[in-house]
Amino acid sequence: MHYWLFKTEPSAFSYDHLANALKQTAPWDGVRNYQARNFLRDDVQVGDEVFVYHSSIPEPAIVGIAKVVKAGYADHTAWDSSNEHFDPKSAPEKPLWYMVDVQAVCKLDQPVTLNVIKTEPALAHCSLFTRPRLSIHPITATEWQTIIDLSHPKSA
DNA sequence: GCCAACGTTGGC
DNA sequence: GCCAACGTTGGC
């Protein structure tokens, strides 16, 4: 059982897209980075929990939780020349890129913004900061709980 | 296998 | 839209 953080640009695919999808389930496709690919192919397992993070917006934030319902399999969008993530180096007989399927679990009570993440000492060594620009990040159980706590509205 | 040029990510 | 920080590509 592992925890992850998946980045997405909400203009392309948001948490709401996932929540509104058939069975609230969608493939997490289009990852074209080798480090992230290795996580998807080798380490992300059914039952793992995932924070969905919205990037490239005025206030980047973790907005919701998803769970992995299908482990790494070939990302066939790489074989489709009409797809924006087409990669001629990948082929069905020798897939280069991988994806997993995720299912929406719930939105956070309130988004945990990058600003909050940056200012929380317990998250100072989060993979988000040690591996900038990576789109798939491992999250420790401690970090996961810290972020869950931060997502709850402060009681008076 | 080095490394310069180029492309991408993503916060600001 | 800028640009820093990376990753990738390709000539040599």
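The sequence lines fix the lettering, A, B, ..., with proteins before strands; numbering per chain opens at 1.
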**Request:** Name every residue in residues 126-138 of chain A that has at least one heavy atom under 4.0 Å from any atom of DNA chain C, in order of residue number, or write none if there are no such residues.
**Result:**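 Listed by number, they are A:P132, A:R133.
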**Prompt:** If you link I, L, V, M, F, W and Y whenever their side-chain heavy atoms are under 4.5 Å apart, who else ends up in the same group as A:V105?
**Reply:**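 Grouped by the 4.5 Å side-chain rule, A:M1, A:Y3, A:L5, A:F51, A:Y53, A:I62, A:I65, A:L108, A:V112, A:L114, A:V116, A:I117, A:L123, A:L128, A:F129, A:I139, A:W144, A:I147, A:I148, A:L150 form the rest of the cluster around A:V105.
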**Asked** What's in the same ILVMFWY side-chain cluster as A:V46, cut-off under 4.5 Å, chained through other members?
**Response**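 Other cluster members: none.
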**Prompt:** Who are the ring-ring contact (aromatic ring centres under 6.0 Å, His included) partners of A:H76, not counting sequence neighbours?
**Reply:**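 By the ring-ring contact (aromatic ring centres under 6.0 Å, His included) rule, A:H76 matches no residue at all.
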**Message:** Which residues pass the ring-ring contact (aromatic ring centres under 6.0 Å, His included) test with A:F13, not counting sequence neighbours?
**Reply:**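 Once residues adjacent in sequence are excluded, the partners of A:F13 under the ring-ring contact (aromatic ring centres under 6.0 Å, His included) criterion are A:H17, A:W28.
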**Prompt:** Can you list every pair that meets salt bridge (charged side-chain N to carboxylate O under 4.0 Å, His left out) and has a residue in residues 46-68 of chain A, with sequence neighbours left out?
**Reply:**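 Of all non-adjacent pairs touching residues 46-68 of chain A, none passes salt bridge (charged side-chain N to carboxylate O under 4.0 Å, His left out).
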**Asked** Which nucleotide span of DNA chain C, 5' end to 3' end, has atoms closer than 4.0 Å to non-hydrogen atoms of chain A?
**Response**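 Range of nucleotides touched by chain A: C:dA5 to C:dT9.
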**side-chain hydrogen bond (donor to acceptor under 3.5 Å, both in side chains) partners of residues 107-120 of chain A, not counting sequence neighbours, each pair once** =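 Only A:D16-A:K107 qualify under side-chain hydrogen bond (donor to acceptor under 3.5 Å, both in side chains).
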**Pairs satisfying side-chain hydrogen bond (donor to acceptor under 3.5 Å, both in side chains), at least one member in residues 88-97 of chain A, at least two apart** =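 Residue pairs with at least one partner in residues 88-97 of chain A: A:W79-A:S90, A:D87-A:K89, A:D87-A:W97.
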